[in-house]
There are 2 protein chains.
Amino acid sequence: MNRIFQSEQEAAAVLRDAGLKATPQRLAILRALSGDVTHPTAQELYERLATHFPALSVATVYNTLAALTRVERCRPLDLGGPARFDPNVAPHDHAVCERCGEIRDVKAAETRPKPRALTGFSVRRVEHIYRGLCAKCAGT
Amino acid sequence: MNRIFQSEQEAAAVLRDAGLKATPQRLAILRALSGDVTHPTAQELYERLATHFPALSVATVYNTLAALTRVERCRPLDLGGPARFDPNVAPHDHAVCERCGEIRDVKAAETRPKPRALTGFSVRRVEHIYRGLCAKCAGT
DNA sequence: TTATCAATTGATAATGAATCTAAATTACGA
DNA sequence: TCGTAATTTAGATTCATTATCAATTGATAA
Ligand SMILES: [Zn+2]
Ligand SMILES: [Zn+2]
Ligand SMILES: [Zn+2]
Ligand SMILES: [Zn+2]
């Protein structure tokens, strides 16, 4: 589960515990991302924050997301197009709507398939991507 | 299985059957890709062909790969980084080595996991990506 | 507090992938 | 052989991301 940080203090503690300086930019980015279930891109986060944080730079958003990734506070997703960032670092899969682009979390498949013919290859993690149409786009 | 076209004639027939003009560029790209098991990028194909085909342009490689994708003769892969192209259009999965980048075909998982909590979402296709270390990189 | 200093920031440049443009060429059917 | 629409090409263009680096600032200790 991803947690929404109620207080700056709580968010600041997370950063310091991870050995990162608690700057206002990082606090804002961490708080914005942690409550977000849409798997936003760096650009989207930037635009959302820039309104109330005029001096923020995209470079800082990228830097912070990379730092948060390093300390396991988020995880980048390569689904085609710009990278997306997921505050939910627990193992789970994704359903991607091919029409509207919505990305939905999917509980990790209970049956993690064990592929055959993978001799010699040591699997560290498995990614499952379900591509199709979300309820809205499917018409019904 | 992906087939290696022995003759230009055979490759030309494939293109025409798909409603595509059989240009020398397309023939070269189709033949180069069809025997390739490494999931090359557009750039890699371009470099490989440019040696014996000096006037070839990258734009043509991209155009041709898009055309071949439209007629189901190849399939683009988004695994992070530049798009890769797979001449094997039969359903199968991929194992990606996190050290050397090798991408290996994996027989489609026999147990296509049926995710729960996917209510309303109509799945068209599922992608499985196994990330880890190939035999060479795993040391032993 | 204040001083110190390495970490961080932000503006901008640089890179890389992919697409677009428009003019020149060409496959192929008449 | 000719005419024409499809295709190719080089270069410009867009978009995502990373690199650069001087200026700023958070954390720590005096
Ligand atoms: Zn949708
Ligand atoms: Zn997710
Ligand atoms: Zn390897
Ligand atoms: Zn493959």
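In what follows, chains are A, B, ... by sequence order, proteins preceding strands, each numbered from 1.
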Beyond-backbone contact of [X] with [Y], side-chain heavy atoms, under 4.5 angstrom:
X      : Y      : answer
B/T41  : B/F85  : no
A/L33  : A/P40  : yes
A/V126 : B/R131 : no

Query raised in the report: Among residues 48-58 of chain B, which contact DNA chain D at a heavy-atom distance under 4.0 Å?
Result: B/A55, B/L56, B/S57
Query raised in the report: Is it the case that A/H39 and A/H94 place a side-chain donor and acceptor less than 3.5 Å from each other?
Result: yes
Report task. Scan for side chain to side chain donor-acceptor pair (under 3.5 Å) pairs involving residues 53-69 of chain A, sequence neighbours excluded, and state none if there are none. Result ->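 Sorted pair list comes back empty.
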Report task. Measure from CZ on B/R84 to P on C/dA17 and round the result to the nearest Å. Result -> 11 Å
Requested in this report: In whole angstrom, give the distance that lies between atom OH of B/Y46 and atom P of C/dG16.
Outcome: 15 Å
Report task. Considering non-hydrogen atoms only, spot the tightest contact between B/L27 and B/A12 and give its length. Result ->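 Shortest heavy-atom contact: CD2-N, 3.4 Å.
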Query raised in the report: Per the end-axis method with five pairs at each terminus, what is the bend angle of the helix from C/dT1-D/dA30 to C/dA30-D/dT1, to 10°?
Result: 30°
Query - Sequence-aligned protein contact record of nucleotides 20-27 of chain C, with B where the base is within under 4.0 Å of a protein heavy atom and S where only the sugar-phosphate is - result: B------B
Query - Sequence neighbours excluded - salt bridge (Lys or Arg N to Asp or Glu O under 4.0 Å) pairs with any residue from residues 12-23 of chain B - result: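 Output for this query is empty, none listed.
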Requested in this report: Please round to the nearest 0.5 Å and tell me the distance separating atom SG of B/C134 and atom CZ of A/F121.
Outcome: 7.0 Å
**Report entry** Straight-line distance of A/L20 CG to A/L68 CG, nearest 0.5 Å
**Finding:**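 The CG atom of A/L20 sits 7.0 Å away from the CG atom of A/L68.
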Pairwise N/O distances under 3.5 Å, protein to nucleotides 13-15 of chain C:
none

If the condition is salt bridge (Lys or Arg N to Asp or Glu O under 4.0 Å), which residues does [X] pass it with, not counting sequence neighbours?
X     : answer
B/R75 : none
B/R26 : none
A/R48 : A/D36

Report summary line: Between B/L20 and A/R26, the residue closer to the 5' end of DNA chain C by nearest nucleotide is A/R26
Query raised in the report: Given that B/Q43 and A/G19 both sit by DNA chain C, which one's nearest nucleotide is further toward the 5' end?
Result: A/G19
Query raised in the report: For DNA chain D, which nucleotides open and close the run of contacts to chain A, 5' to 3', at under 4.0 angstrom from a non-hydrogen atom?
Result: D/dA16 to D/dA27
Query raised in the report: Does A/L133 sit in a hydrophobic cluster with other residues, and if so which ones, taking ILVMFWY side chains as linked at heavy-atom separations under 4.5 Å, directly or through other members?
Result: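 Reading the cluster by chain and number, A/L133 sits alone, since nothing else belongs.
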Report task. Considering only Ile, Leu, Val, Met, Phe, Trp and Tyr, and joining two whenever side-chain heavy atoms are under 4.5 Å apart, list the other residues clustered with A/L77. Result ->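 Grouped by the 4.5 Å side-chain rule, A/L79, A/V96, A/I103, A/I129, B/L77, B/L79, B/V96, B/I103, B/I129 form the rest of the cluster around A/L77.
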Query - Sidechain N-carboxylate O distance under 4.0 Å for B/R125, A/E98 - result: yes
Requested in this report: Would you classify A/A83 as touching base, sugar-phosphate or nothing, given that sugar-phosphate means primed atoms plus P, OP1 and OP2, and contacts are heavy atoms under 4.0 Å?
Outcome: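 It contacts sugar-phosphate atoms only.
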